[in-house]
Amino acid sequence: MENNYIEHEVLGNFVDKLIAQKYPDQPLENFADFREKSIASIDKAIDRAIFGSLNREQLAEINEILDRGEEDPQVFGDFFKKCGVDAEQKTTEVLENFKTQFLGGSNE
């Protein structure tokens, strides 16, 4: 499922910056496969972090919203807010974890 909270391009820019930081003298083209796999991995981790915070009833409700084909980010934002899930915080945590693992420590 395409994540409603963060676009593929935004994740790509995030990964690109980390690659450039870790391998400053190498062209990004050398990391194309790693880049795409990282974007997919981060996207799935964000989904798990957000949806994993929901109980069964909330999961049923979000599935109904998804089944309706809803695409309005505000609808999802309102839903997660009502459920007490801070999607932005969850996303930030996933990104920070990826950054720490990729860079091999707590690099800035």
Side-chain angles (χ1 to χ4, degrees):
M1 177 179 92
E2 184 67 27
N3 195 297
N4 290 317
Y5 292 98
I6 193 157
E7 298 287 331
H8 184 273
E9 185 176 333
V10 174
L11 291 177
N13 289 336
F14 174 77
V15 173
D16 290 347
K17 288 178 184 176
L18 293 178
I19 291 170
Q21 184 177 347
K22 188 167 184 173
Y23 304 106
D25 297 327
Q26 295 186 35
L28 288 175
E29 297 81 33
N30 291 352
F31 301 92
D33 188 50
F34 171 79
R35 179 185 190 270
E36 290 306 313
K37 287 179 181 177
S38 295
I39 292 168
S41 172
I42 293 168
D43 190 54
K44 287 178 186 175
I46 291 169
D47 282 347
R48 281 192 307 271
I50 293 171
F51 291 102
S53 300
L54 301 175
N55 64 35
R56 284 186 185 199
E57 293 80 22
Q58 293 165 332
L59 285 170
E61 187 176 344
I62 193 66
N63 280 327
E64 288 176 19
I65 293 170
L66 293 168
D67 288 344
R68 288 194 315 253
E70 184 62 61
E71 294 183 10
D72 182 359
Q74 185 65 42
V75 171
F76 292 99
D78 291 345
F79 171 79
F80 289 116
K81 185 175 181 178
K82 177 185 80 168
C83 293
V85 176
D86 187 341
E88 188 174 323
Q89 177 187 359
K90 297 285 185 190
T91 299
T92 299
E93 290 170 1
V94 169
L95 294 175
E96 287 298 320
N97 286 339
F98 180 86
K99 177 182 175 181
T100 299
Q101 289 177 352
F102 179 69
L103 295 176
S106 58
N107 297 320
E108 292 299 318

**Message:** I need the Ser53 OG to Phe80 CZ distance, nearest 0.5 Å.
**Reply:** 9.0 Å

**Prompt:** Where is the tightest heavy-atom contact between Asn13 and Arg35, given as atom of each residue plus distance?
**Reply:** N-NH2, 4.2 Å

**Request:** Could you grab the distance from atom CD of Gln21 to atom NZ of Lys99, nearest 0.5 Å is fine?
**Result:** 6.0 Å

**Request:** Report the C-alpha distance between Phe34 and Tyr23 in whole Å, list the side-chain angles of each, state the deciding distance to 0.1 Å, and finish with yes or no for ring pair (Phe, Tyr, Trp, His ring centres under 6.0 Å).
**Result:** CA-CA 13 Å; Phe34 171 79; Tyr23 304 106; 8.2 Å; no

**Side chain Gln58, main chain Asn55, donor-acceptor under 3.5 Å** = yes

**Complete:** Of all heavy-atom pairs linking Val85 and Ile50, the shortest is CG1-O, 4.1 Å

**Asked** Taking atom NZ of Lys22 as the centre, does the number of heavy atoms from other residues, nucleotides or ligands within less than 6.0 Å exceed 12?
**Response** yes

**Request:** May I have the step-by-step check of side chain to side chain contact (heavy atoms under 4.5 Å, CB included) for His8 and Glu36, ending in yes or no?
**Result:** CA-CA 9 Å; His8 184 273; Glu36 290 306 313; 3.2 Å; yes

**Prompt:** Would you say Asp43's side chain and Ile39's backbone share a donor-acceptor pair under 3.5 angstrom?
**Reply:** no

**Request:** Please examine the side chains of Asp16 and Phe31, heavy atoms only from C-beta on, and report whether any two atoms are closer than 4.5 Å.
**Result:** no

**Prompt:** CD of Glu93 to CG of Asp86: how many Å apart, nearest 0.5 Å?
**Reply:** 8.5 Å

**Asked** Going by atom types alone, do Gln74 and Asp78 pair a side-chain donor with an acceptor below 3.5 Å?
**Response** yes

**Request:** Would you give the length of the straight line joining atom CG of Leu66 to atom CZ of Phe51, rounded to the nearest 0.5 angstrom?
**Result:** 5.5 Å

**Asked** If you take all heavy atoms of Ala20 and Leu28, which pair is closest and at what distance?
**Response** N-CD2, 4.3 Å

**Message:** To the closest 0.5 Å, what do you measure between CD1 (Ile46) and OG1 (Thr92)?
**Reply:** 9.0 Å

**Complete:** Across all chains, not counting sequence neighbours, the side chain to side chain contact (heavy atoms under 4.5 Å, CB included) partners of Ile65 are Ile62, Arg68, Glu70, Val75, Phe76, Phe79

